[in-house]
Amino acid sequence: MRIFKFGGASVKDADGLKNLVKVLEQVGYQDTFLVISAMGKITNAMEGVVNAYFQDKTLLAAALQEVLDYHLQVLKELFAAPDHPIYKDVHSLVEEVKGFLAWNKSPKYNFVYDQVVSYGELLSTTIVSAYLNEVGIRNSWLDIRNFIKTDNNYRDVDIQWEKTQERVSQGLEKGKLYVSQGFIGSDENNFTTTLGREGSDYTAAILAYCLNAHSVTIWKDVPGVLNADPRYFEESQLLNKISYREAIELAFYGASVIHPKTLQPLQRKEIPLYVKSFLHPTDPGTMVGKGEGIDPKIPCFIVKKNQVLMKLSSLDFAFIVEDNISDLFKLLHDYKMKVDMIQNSAISFSVCVDNKFGRLEELLDHLKGKFKVVYHEGVSLYTIRHFDAQSIDSLQNGKEVLLEQRGKETVQLVVK
């Protein structure tokens with residue numbers, strides 16, 4: 001079986017779904033599992049629903065109506081008959097969100113987030129499946145929550161691999177075309193969980209691992225994996241082939257094309273990953289698999305924006321050594337800070353973090369009791385793999401470098 005993952009950009013509107021059909025017609029769809037993300041920016045819209053629920057319930061009805069109207073517009077362009085069952089299905093899904101928010105008693109943001117935001121994927125896959133059937137591509141819609149089981153650490157779950165493997169192995173047939181959701185799973189109480197932003201790639205890898213899939217293909221609006229994100233860098237070049245190790249390094253440092261968790265299950269079973277353009281589906285794209293390094297071997301640029309750089313100094317000039325550092329990492333873990341870079345000297349410790357869960361102020365209050373704290377918000381962390389002098393100069397030009405770290409293959413710069 002092959003696993004195809006289509007992200008939000010590929011199914012953002014009616015034209016996107018029509019193009020998805022063209023892709024399947026060109027590359028085939030027998031014995032294939034389609035993992036589909038929420039349409040366009042619907043995940044952001046669903047987050048708006050959650051925020052309205054917690055911050056201002058007078059905005060809730062409008063936020064939900066925005067989600068419904070978006071999908072209804074797509075339906076009008078795809079289904080000629082206004083009484084097609086898909087309209088009722090979409091309305092029912094939105095009503096389910098309303099129903100949950102009406103009876104929910106939990107004050108926990110992350111729990112509510114997972115129950116609500118997951119409907120972006122449920123809506124998109126319901127529409128994709130119906131449209132494929134409408135144009136003669138027979139498929140089976142699946143609720144992926146019945147297959148991917150997780151713990152209940154909402155918004156940042158771990159996979160329960162044995163339970164997931166058992167359900168996937170027993171529940172799927174060979175030779176069919178399946179349509180299901182990325183990004184979501186369920187816990188032991190069957191509450192919905194999410195795998196993190198961009199988690200649809202991870203869903204594809206989980207399924208590939210459990211099914212011993214032939215390959216995974218991620219369909220993007222770029223020709224493959226590039227050595228730099230064209231949104232932030234003027235020149236970028238296609239990488240033809242990347243080893244698992246190199247791809248994991250790039251993902252770890254924040255390369256946006258491949259989700260950091262995606263590669264590990266694929267590498268364990270040596271399942272190749274292809275990154276291809278849904279606009280040019282027969283082009284070779286990029287292959288990630290067993291081998292050495294990258295082809296061509298050129299500097300690769302990665303940027304993480306809106307980071308926080310903290311410099312901690314001991315109040316009494318005592319060394320910052322193992323016991324202090326152990327305590328610091330426990331605090332970073334407790335306050336859910338993703339550490340992207342660290343550097344320490346005898347009496348100082350610098351760390352660049354992603355304040356994903358908005359708990360920076362709490363952490364700073366805790367740290368200021370033990371350390372002198374200097375911090376910068378809104379900084380950018382640049383990473384260059386396989387750097388040379390020219391590539392470093394190109395980044396430093398006109399920027400204030402707050403912190404620099406170099407290794408044999410990698411240089412990192414924190415800049416304002």
Side-chain angles (χ1 to χ4, degrees), residues 1-45 67 69-81 84 86-87 89-90 120-142 144 176-183 198-201 203-204 207 215-226 229-231 236 238 256-259 262 273-287:
M1 178 171 279
R2 299 176 301 173
I3 314 297
F4 285 176
K5 180 260 178 174
F6 288 90
S10 65
V11 293
K12 65 181 180 179
D13 52 26
D15 288 340
L17 269 66
K18 293 173 183 177
N19 185 71
L20 186 152
V21 170
K22 292 179 181 177
V23 172
L24 296 180
E25 289 173 344
Q26 290 185 61
V27 302
Y29 49 83
Q30 295 301 318
D31 202 23
T32 301
F33 197 113
L34 304 186
V35 175
I36 310 290
S37 299
M39 292 180 167
K41 301 296 183 182
I42 283 297
T43 297
N44 294 337
V67 171
D69 289 345
Y70 186 101
H71 292 91
L72 290 179
Q73 181 58 43
V74 174
L75 296 185
K76 289 176 183 177
E77 298 180 44
L78 294 177
F79 299 91
H84 193 287
I86 186 61
Y87 285 91
D89 293 340
V90 167
E121 275 68 20
L122 295 170
L123 285 161
S124 66
T125 53
T126 298
I127 295 171
V128 168
S129 177
Y131 182 62
L132 292 179
N133 282 323
E134 185 80 356
V135 299
I137 298 178
R138 313 314 301 174
N139 69 91
S140 297
W141 182 91
L142 295 178
I144 202 67
K176 299 182 70 173
L177 173 65
Y178 289 103
V179 175
S180 196
Q181 308 77 36
F183 179 59
E198 307 301 328
S200 293
D201 291 358
T203 302
L207 290 168
S215 64
V216 173
T217 302
I218 298 174
W219 297 97
K220 307 282 288 186
D221 56 358
V222 292
V225 179
L226 306 176
D229 190 328
R231 294 175 297 176
S236 58
L238 178 67
S256 60
V257 173
I258 305 173
H259 190 277
T262 298
L273 168 67
Y274 296 92
V275 181
K276 294 188 175 187
S277 168
F278 58 73
L279 300 174
H280 306 283
T282 59
D283 287 357
T286 301
M287 194 274 275

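What you see below is based on every heavy atom in this structure, not just the backbone, and it leaves out hydrogens, waters and symmetry mates.
Closest heavy-atom contact between Arg2 and Val27: NH1-O, 3.2 Å. Here the closest heavy-atom approach between residue Thr43 and residue Ala38 is recorded as OG1-CB, 3.6 Å. Heavy atoms only, all atoms of each residue included: Gly28 and Phe4 are closest at O-CE1, 3.9 Å. Residue Glu121 comes nearest to Gly182 through the heavy atom pair CG-O, 3.2 Å, listed as atom of the first residue, atom of the second, then distance. Here the closest non-hydrogen pair linking Leu122 and Thr125 is O-OG1, 3.3 Å. Here the shortest heavy-atom pairing between Ile42 and Gly120 reads CG2-CA, 3.9 Å.
Ser10 places no side-chain N or O within donor-acceptor distance of the main-chain N or O of Gly8, the cut-off being under 3.5 Å. When atom types are taken as modelled, the side chain of Thr203 and the backbone of Phe183 share a donor-acceptor pair closer than 3.5 angstrom. Checked by atom type and distance alone, the side chain of Gln181 pairs as donor or acceptor with a backbone atom of Leu142 at under 3.5 Å.
Contact check on Asp201 versus Lys5 returns a salt bridge, with a Lys/Arg side-chain nitrogen under 4.0 Å from an Asp/Glu carboxylate oxygen.
Here the side chains of Asp69 and Gln73 are not in contact, with every heavy-atom distance at 4.5 Å or above. Put simply, the side chain of Tyr131 reaches to within 4.5 Å of the side chain of Val21, judged on heavy atoms.
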List the steps, then state whether side chain to side chain contact (heavy atoms under 4.5 Å, CB included) holds for Leu34 with Leu24. CA-CA 10 Å; Leu34 304 186; Leu24 296 180; 4.0 Å; yes
Let me see the working for Phe278 and Leu20 under side chain to side chain contact (heavy atoms under 4.5 Å, CB included), right down to the final yes or no. CA-CA 7 Å; Phe278 58 73; Leu20 186 152; over 6 Å; no
Go through the steps for Leu17 and Met39 under the test side chain to side chain contact (heavy atoms under 4.5 Å, CB included), then give the verdict. CA-CA 10 Å; Leu17 269 66; Met39 292 180 167; 3.9 Å; yes
Could you go step by step and tell me if Leu78 and Lys18 meet the side chain to side chain contact (heavy atoms under 4.5 Å, CB included) rule? CA-CA 8 Å; Leu78 294 177; Lys18 293 173 183 177; 4.0 Å; yes
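Around atom NZ of Lys22, no more than 12 heavy atoms belonging to other residues, nucleotides or ligands sit under 6.0 Å away.
Applying the ring-ring contact (aromatic ring centres under 6.0 Å, His included) test to Tyr178 and every residue at least two apart in sequence or in another chain returns Phe33.
Taking CG of Leu226 as the reference point, atom CG of Leu238 lies at 6.0 Å (rounded to 0.5 Å).
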In residues 132-140, what donor-acceptor pairs under 3.5 Å come from side-chain atoms, sequence neighbours left out?
unit_1: Asn133; atom_1: OD1; unit_2: Asn139; atom_2: N; d: 3.3
unit_1: Asn133; atom_1: OD1; unit_2: Asn139; atom_2: ND2; d: 3.2
unit_1: Asn133; atom_1: ND2; unit_2: Ser129; atom_2: O; d: 3.3
unit_1: Glu134; atom_1: OE1; unit_2: His84; atom_2: NE2; d: 3.1
unit_1: Arg138; atom_1: NH1; unit_2: Asn133; atom_2: O; d: 2.9
unit_1: Asn139; atom_1: OD1; unit_2: Ser129; atom_2: OG; d: 2.6
unit_1: Asn139; atom_1: ND2; unit_2: Ser129; atom_2: O; d: 3.1
unit_1: Asn139; atom_1: ND2; unit_2: Ile137; atom_2: O; d: 3.2
unit_1: Ser140; atom_1: OG; unit_2: Lys176; atom_2: NZ; d: 3.2

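Partner Phe6 forms a side chain to side chain contact (heavy atoms under 4.5 Å, CB included) with one of Asn19, Val23, Val128 and no other, that one being Val23.
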